[in-house]
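Everything quoted here is computed from the prediction, not taken from an experiment.
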Amino acid sequence: MKLLTTSLLFLSVGISGCVSNEAIYADYGDLACSSTTTVLEGHYWPTVVNFDFDKKLLDAQQQHALDQAVKLLKSNPRLNIAIIGSADNSGKAEYNDQLAKARADVVANYLQRQGLAVHRIVTLASGSREPFIVSNNKTNNRVNRRTQLILLGDDFNPVSMQYNSVASHSSAQ
């Protein structure tokens, strides 16, 4: 079963440059394709924000997704967020550590500018040590250039979430 799941993951990345929801749904949601979104208790929750190669800037679409996360967090003041920055395996480990931390900080700073209190945000960075896939292909490596957003309870432990997949981000609003 594990071999089948792993095979489906690599096949979906190889064919479309995206990771299928079925392969990673419980941990990451929709990583790169934007064909589905995740709704949690009527709110959109962006489980991952991807970045372009060697970049740490948020585009308008990513900002909009993070705005939806802010809505969920503001309407549930007992919830918190962990932001884990990652990089692909291009470049030296020290540089990737710095880039991953910068990505997590960019997301955290954006959330703070939208009114989320700093004490509700935890930032971490894994550099390139925790790739979702192992690949030297720049397109496929997009899934490794990410910040993962994990919803935390008031005790700062991960919250168990029930997901409902919807067809598009606009329907999640």
Subject >> Those residues that, when tested against A93, pass side chain to side chain contact (heavy atoms under 4.5 Å, CB included) (two or more places apart) >> reply: none

Subject >> Close side-chain approach of T47 to I150, heavy-atom, < 4.5 Å >> reply: no

Original post:
For L57 and V106, what are the C-alpha separation, side-chain angles and deciding distance, and is it a side chain to side chain contact (heavy atoms under 4.5 Å, CB included)?
Top reply: CA-CA 7 Å; L57 300 174; V106 162; 5.8 Å; no

**OP:** Decide yes or no on side chain to side chain contact (heavy atoms under 4.5 Å, CB included) for L124 and I83, but give the supporting numbers first.
**Re:** CA-CA 6 Å; L124 305 163; I83 304 165; over 6 Å; no

**OP:** Could you list the residues that satisfy side-chain hydrogen bond (donor to acceptor under 3.5 Å, both in side chains) with K56, not counting sequence neighbours?
**Re:** none

Original post:
Taking C-beta and beyond as the side chain, do V70 and L111 meet within less than 4.5 Å on heavy atoms?
Top reply: yes

Subject >> Closest non-hydrogen atom pair, I121 against Q112 >> reply: CD1-CG, 3.7 Å

Subject >> Closest non-hydrogen atom pair between A100 and S126, with its separation >> reply: CB-N, 4.4 Å

**OP:** To the nearest 0.5 angstrom, please state how far the CG atom of L66 sits from the CD atom of Q61.
**Re:** 11.0 Å

**OP:** Quick one: list whatever passes side chain to side chain contact (heavy atoms under 4.5 Å, CB included) with F156, sequence neighbours left out.
**Re:** N80, V122, L152

Original post:
Are any of the side-chain heavy atoms of D67 and Q114 separated by less than 4.5 Å?
Top reply: yes

Original post:
Less than 4.5 Å apart, any side-chain heavy atom of D105 and any of Y110?
Top reply: no

Original post:
Under a 4.5 Å cut-off applied to non-hydrogen side-chain atoms, are N76 and L151 in contact?
Top reply: no

Subject >> Closest contact, heavy atoms only, R142 versus F51 >> reply: CG-O, 4.3 Å

**OP:** Walk me through it: do L149 and V48 pass the test side chain to side chain contact (heavy atoms under 4.5 Å, CB included)?
**Re:** CA-CA 6 Å; L149 309 176; V48 173; over 6 Å; no

Original post:
How about T147 and I84: do any of their side-chain heavy atoms sit closer than 4.5 Å?
Top reply: no

Subject >> Heavy-atom side-chain proximity of D154 to L79 below 4.5 angstrom >> reply: no

Original post:
Tracing side-chain links under 4.5 Å among I, L, V, M, F, W and Y, which residues wind up in one group with L99?
Top reply: Y95

Original post:
Judged by atom type as modelled, is there a donor-acceptor pair below 3.5 Å linking the side chain of Q62 to the main-chain atoms of D59?
Top reply: yes

**OP:** Tell me, with the steps shown, if K101 and T123 meet side chain to side chain contact (heavy atoms under 4.5 Å, CB included).
**Re:** CA-CA 8 Å; K101 178 66 171 131; T123 58; 3.0 Å; yes

Subject >> Polar side-chain atom of R103 near backbone of K55 as donor-acceptor pair, under 3.5 Å >> reply: yes

Subject >> From K92 atom NZ to Q98 atom CD, the distance as rounded to the nearest 0.5 Å >> reply: 12.0 Å

Subject >> Contacts of type side-chain hydrogen bond (donor to acceptor under 3.5 Å, both in side chains), residue R145, not counting sequence neighbours >> reply: D88

Original post:
With sequence neighbours left out, what residues match R113 under side-chain hydrogen bond (donor to acceptor under 3.5 Å, both in side chains)?
Top reply: none

Subject >> Heavy-atom closest pair, residues P46 and A69 >> reply: CD-CB, 3.6 Å

Subject >> Side chains of N144 and S86 in contact at under 4.5 Å (non-hydrogen atoms) >> reply: no

